[in-house]
Amino acid sequence: MGKRIQHLRREKNLTQEQVAAALGVTGAAVSKWETDAAMPDVAMLCPLARLLGTTVDALLDFRPALEPGEIDALLEERRKLFEERRLEEAASSCEALLREYPDDLRLKCATAGLYVMYLSASPDREWTEAKLRRATVLLEQSRESGAPDVAASARSMLVNLYVMQEELDKALAILEEEPGAALNAEMARAGIHLRQGKLDEAEKGYQTGLWLAARDAALNLVGLHNAALRRKDRKTALERLEQAMEVERALHTGELGGVGALQLLRAEVLCQEGRLDEAMSDLTDYVENRLAWWAELRRGDGIRSAFYDKLNVQASGMSAACLARNLRMILEQGGASGALGAREDFRALLARLAELEEQ
């Protein structure tokens, strides 16, 4: 604040003594304000702001909300605390930031996303459940945002969180809020850009639509896989997973992350079929693919496929150690662990992930 007062005073070609005389204080008091040795009295803020041709908000650098880039930078500092397993410090720091900007819904949505990303960071189930509940509260508030991207992101995460908590009616209620899909705005916009000769924008729009359609096709096939499992029809369940994997191979969606767990799901069914070698191969490929994809993003290699060369994919910021820990927990708690737990190659895969955790 001292630097702002000094800068504005000089812009007005005023001396410290002139400011002091106008406000009825001493020159020494103004000097202390400008060196941050003391703050102006609250009653002095309005007269000081008027004298310097500014507002009290500007004088105090008050802003009701942060810019997106500022949010990213502030949460990156807290993400590093989560990575270092300083979990209480990280959470307390996040909550302090939320108290400083209590009405910033973009910040709330991004903080909830950070909590969700590191739900598995602690073995303490109470801590995990508390952060799950807190993320849910933040997202419920964020879904009321007037910014369409914030509201849509909040709704998407909320659906997943309510499903995780078996609150299925709430998840369905949120889905009912989504606007109808009669008009594909992204495709329409891309078509307009194409007619305008804005080829980069058009290609980006079409590539986005292609990726979303491919992802949805794979997810629908996963849904049919799950339905087949409930009918105890493992043959059909495997076919649907293999079809989902074919969609990912044909349209290269793995380069944007894809559905991610297709091989993991297939390994579980293969174990039920007694095809343990094939299941182990799937688990190994799953781990290798996730580690390789993460490493490519961290190196900034970008997207190689011509399908999506206009799209930008950024790394989440999660460290290799945290990723390895998540993968190890997925394998240990997955449905294939019972059948494969005694195998030497399964234990070796877990040991490799444990080593990465320590790096």
Side-chain angles (χ1 to χ4, degrees), residues 63-73 75 103-110 112-113 116 139-160 171-224 243-260 262 293 296-297 299-317:
R63 292 170 296 162
L66 294 161
E67 294 296 323
E70 294 174 312
I71 292 174
D72 292 343
L75 291 185
D103 296 324
D104 193 329
L105 298 184
R106 187 177 295 275
L107 174 63
K108 289 184 177 182
C109 186
V116 170
L139 292 171
E140 280 288 2
Q141 296 169 354
S142 303
R143 66 193 278 210
E144 303 302 326
S145 172
D149 61 325
V150 174
S153 179
R155 286 195 297 268
S156 177
M157 284 193 281
L158 263 178
V159 169
N160 290 328
L172 286 172
I174 293 172
L175 290 175
E176 291 297 324
E177 297 175 6
E178 289 293 317
L183 174 65
N184 187 325
E186 191 68 49
M187 185 179 296
R189 189 180 299 110
I192 292 170
H193 285 152
L194 185 64
R195 292 179 68 87
Q196 292 174 329
K198 299 177 179 178
L199 300 185
D200 284 343
E201 291 92 335
E203 287 172 341
K204 182 176 181 180
Y206 286 129
Q207 288 180 6
T208 299
L210 179 64
W211 175 71
L212 291 173
R215 182 203 62 182
D216 288 348
L219 287 173
N220 282 317
L221 286 165
V222 170
L224 291 172
Q243 288 159 354
M245 294 170 78
E246 184 57 34
V247 168
E248 291 210 331
R249 281 192 294 271
L251 297 179
H252 299 257
T253 53
E255 293 193 9
L256 282 80
V259 174
L262 296 178
W293 183 69
E296 287 177 4
L297 290 184
R299 288 196 303 269
D301 288 354
I303 300 170
R304 297 186 304 274
S305 172
F307 279 98
Y308 308 111
D309 61 343
K310 295 295 188 296
L311 304 185
N312 294 318
V313 179
Q314 296 179 340
S316 66

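Quick caveat: nothing in here was measured; it's all calculated off a predicted structure. For reference, positions follow the sequence shown, starting with 1.
With hydrogens and angles disregarded, no donor-acceptor distance shorter than 3.5 Å links the side chain of Ser153 to the backbone of Asp149.
Of all the heavy atoms in Ala190 and Ala202, the pair that sits closest is O-CB, 3.5 Å. Leu251 and Tyr308 get closest at one heavy-atom pair: O-OH, 2.7 Å. Residues Ala154 and Cys109 share a closest heavy-atom pair of N-SG, 4.0 Å. Leu107 approaches Ile71 most closely through the heavy-atom pair N-CD1, 3.7 Å.
To the nearest 0.5 angstrom, Glu67 atom CD is 11.0 Å from Asp72 atom CG. The line from CD of Glu203 to NZ of Lys198 is 14.5 Å long, rounded to the nearest 0.5 Å. The distance from the CE atom of Met157 to the CG atom of Leu139 is 4.5 Å, given to the nearest 0.5 Å.
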(message) Assess the residue pair Phe307 and Thr253 against the criterion (side-chain contact (heavy atoms from CB on, under 4.5 Å)); give the C-alpha distance rounded to whole Å, side-chain angles, the decisive distance to 0.1 Å, and a yes or no.
(response) CA-CA 9 Å; Phe307 279 98; Thr253 53; over 6 Å; no
(request) Start with the C-alpha distance between Gln207 and Lys310, add both sets of side-chain angles, then the distance that settles side chain to side chain donor-acceptor pair (under 3.5 Å), and finish with yes or no. (result) CA-CA 7 Å; Gln207 288 180 6; Lys310 295 295 188 296; over 6 Å; no
(message) For Leu105 and Lys108: C-alpha separation, side-chain torsions, deciding distance, then whether side-chain contact (heavy atoms from CB on, under 4.5 Å) applies.
(response) CA-CA 5 Å; Leu105 298 184; Lys108 289 184 177 182; 4.0 Å; yes
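Residues His193 and Asp200 have side chains not in contact (no heavy-atom distance under 4.5 Å, counting atoms from C-beta outward). Arg106 is not listed as a side-chain neighbour of Ser145, based on a closest heavy-atom distance of 4.5 Å or more. Counting heavy atoms from C-beta outward, Ile174 and Arg143 have side chains that approach closer than 4.5 Å. In this structure, Val116 and Asn160 have side chains that are not in contact, with every pair of non-hydrogen atoms separated by 4.5 Å or more.
Checked for salt-bridge contact, Glu246 and Arg249 meet the test: a charged N lies under 4.0 Å from a carboxylate O.
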